[in-house]
Protein chains: 2
Amino acid sequence: MKSTIPDTGVPITPAAGNGGDRQENRHEASLHGEILLRLRDYVVEGNIPEGARVPERQLCEMLGISRTPLREALKVLAAEGLIELLPNRGARVRQLSQRDLEELFDVMAGLESLAGRLACEAITDAEITAIEQLHYEMYGHYLHRDMHGYFQTNQRIHESIVAAARNETLRTAYANFAGRIRRVRYSANFARKRQRWAEAMREHEAILDALRRRAGSELSDILFQHLRNKRTAAIEHLSEPQEDAPASA
Amino acid sequence: MKSTIPDTGVPITPAAGNGGDRQENRHEASLHGEILLRLRDYVVEGNIPEGARVPERQLCEMLGISRTPLREALKVLAAEGLIELLPNRGARVRQLSQRDLEELFDVMAGLESLAGRLACEAITDAEITAIEQLHYEMYGHYLHRDMHGYFQTNQRIHESIVAAARNETLRTAYANFAGRIRRVRYSANFARKRQRWAEAMREHEAILDALRRRAGSELSDILFQHLRNKRTAAIEHLSEPQEDAPASA
DNA sequence: GTCGGCCATTTTGCATTCATTTTTTGTCCT
DNA sequence: AGGACAAAAAATGAATGCAAAATGGCCGAC
C-alpha cells in the first residue's frame, strides 16, 4: 500500500455521527450540501497539503458516502477556486503561487474598498458606534500586544464594514475570496513587525474617521491602501523563511 | 395556467462563439465540462424564462446525456449564482429582483473601479493607445447613433481596462458577474435617453484622461460613478416598461 | 545499468439503478 | 360543487456498475 497521499488519513470532521438526530436544516439539508460544507471547511482549514492528490475513494470512505455527492461537491469547490480538477486525473488542492496571492489580496482590497464606499451611503450611527467599539477593543489588544485578539477584532471590523454596505452579493463574494486566502495562514505571522502594526492602527483610525464623515471616495481610497499594505506585509512574510513551529492550536 | 413549466422544448445548440471566453479551459475535455459551457451559455443567453422549472430529464434528452454530468454542471451553475437549486425540488433559473440587480451593478462597479486602479499601475502606452482607438471608434458609433456598435465597443473598452489590470482573479470574477447580469437584457434599451448617452461619452473621456495620467484613485472614482450611473439608467429602464409580468405562482 | 514498451491495478467518468420525496390526480366525504 | 385525503406518477437524491484512461510495476532490449 504505497499511499501517495501524505497524511490524509484524517477524521475529516467529527461531524456528529449518523445518529439521526438532525433533520432541522436551514438550507443545506441534502447530503451533497453537507458534504460541500464539510469539505470546504476542511480545505479552507488547510488540512490537505497543497497539490496533494486525494483519491475520491478515500474521501468517500472518510465521509462515509458514495462518490456521486462527493463529485458534485468537488465540482462546486473547483468552481469556487479552492481546488483544481484535472481531467481524468482527479482533484488537487489548488496551490496558490505568490502571484495568485497578490491577485487575491488586490481583489479583496477592491471589494473592501467598494464596501466602504457603499457603507458610507447607508450606514447608521448605531453601526458606526459599534465599529468604534470594536476599534477601541482592537486598540486594547494592540496595546497589550495580543495579536490573536487583535486579528479577531480586526476581522470583525472589516466584516462590519462589509455588512454595512448592505449588499449580499458583495458579502458572498467577499466571503468566497476570504476563504481562498484563509488557506494560507499568513495572519498569525504577518504583523510581527511592530512598525507595520502601528501603521495599521493609524490606518484604522483614518478609516473610522472617513466612515464617520461618510466620505465614500476617501474611505474607498483608504481601505484600498490599507489592504494593499496588508498584502505587502503578507507577501513579504511569505518570502521570508518560516522558522516558527506551526502548532499554535 | 398555473403551471410555471413552459415548453422548454428548445434546441440547446447555441454553442456559438460568444463575446467573451470563459475562464475554464480545463473542463472542456470532459463531458460535464462541455455541458457546463453549453448550459451556462444557454442560461446566460436568456433562453429559459426566469423561475422556470426545467426537469433534469428533459435537459438530459436535449443534451443527449445522462443525469450524472448534468447534475454536476447544475451544481456549478448554482455556485456561480446563475440558477437556484431547491432541495428535492429541482433547479430553477434564478430570478433577479431589482435589488439583486442593483447589488450586481454595484459589485461590477467596484470591480471595474478596482480594475482601473490596478491598470494605472501597469498599463503600457500601447494599451492606452489601443483603448483610445476603441474610444474613437465608440465615438463614431455614438455620432451615428449606432447603439449596437456603441455597446459592443463600450464593452471592449471596459474589458480592456480589466485586462490591463493584469489580475486573472479579477478578470474571472468580473466575467462571472457580467454573465449574471447579461441574462437581463438591459443593454438593448438602457440608453434610450440621449442625454444619458452623452453623459456616458463624457465620462468615458474622463476615464481616458485619468488613464493617460495614470491617476489610479481618480480613475477608480470615475469608473465607479460611471457604472453607478449605468446602474441607475438600467434600473430606471427596468421599472418603466414591463414587457413581461414574471408573476409566478 | 538504464531506458522503453507492455500489462495489471487503480482511478476517473458516465450510465444505470434504487430509494425518497414531491407533485399530480382521482376519489370520497361534507 | 368544493375541499381533503390517498394513491399513483414523476422527479430528485444517492448508490452501484461498467468502460476508458491513467498510474505503477515488470520485463526485455540496448
Between A/Glu112 and A/Lys230, does any side-chain N to carboxylate O distance fall below 4.0 Å? no
Between protein and nucleotides 8-17 of chain D, map the contacts as a letter string: B base, S sugar-phosphate only, - none, heavy atoms under 4.0 Å, written 5' to 3'. ---SBBSBBB
In whole angstrom, give the distance that lies between atom CG of B/Leu63 and atom C1' of C/dC14. 14 Å
Euclidean distance, atom CZ of residue A/Arg92 to atom P of D/dA22 [Å, nearest integer]: 14 Å
By the definition side-chain contact (heavy atoms from CB on, under 4.5 Å), identify the one residue from B/Leu104, B/Val44, B/Val107 that meets it with B/Ile181. B/Leu104
Does a donor on one side chain sit under 3.5 Å from an acceptor on the other, for B/Thr232 and B/Asn229? no
Between B/Arg231 (side chain) and B/His226 (backbone), is there a donor-acceptor pair under 3.5 Å? no
Main-chain N/O of A/Val43 paired to A/Arg183 side chain as donor or acceptor, under 3.5 Å: yes
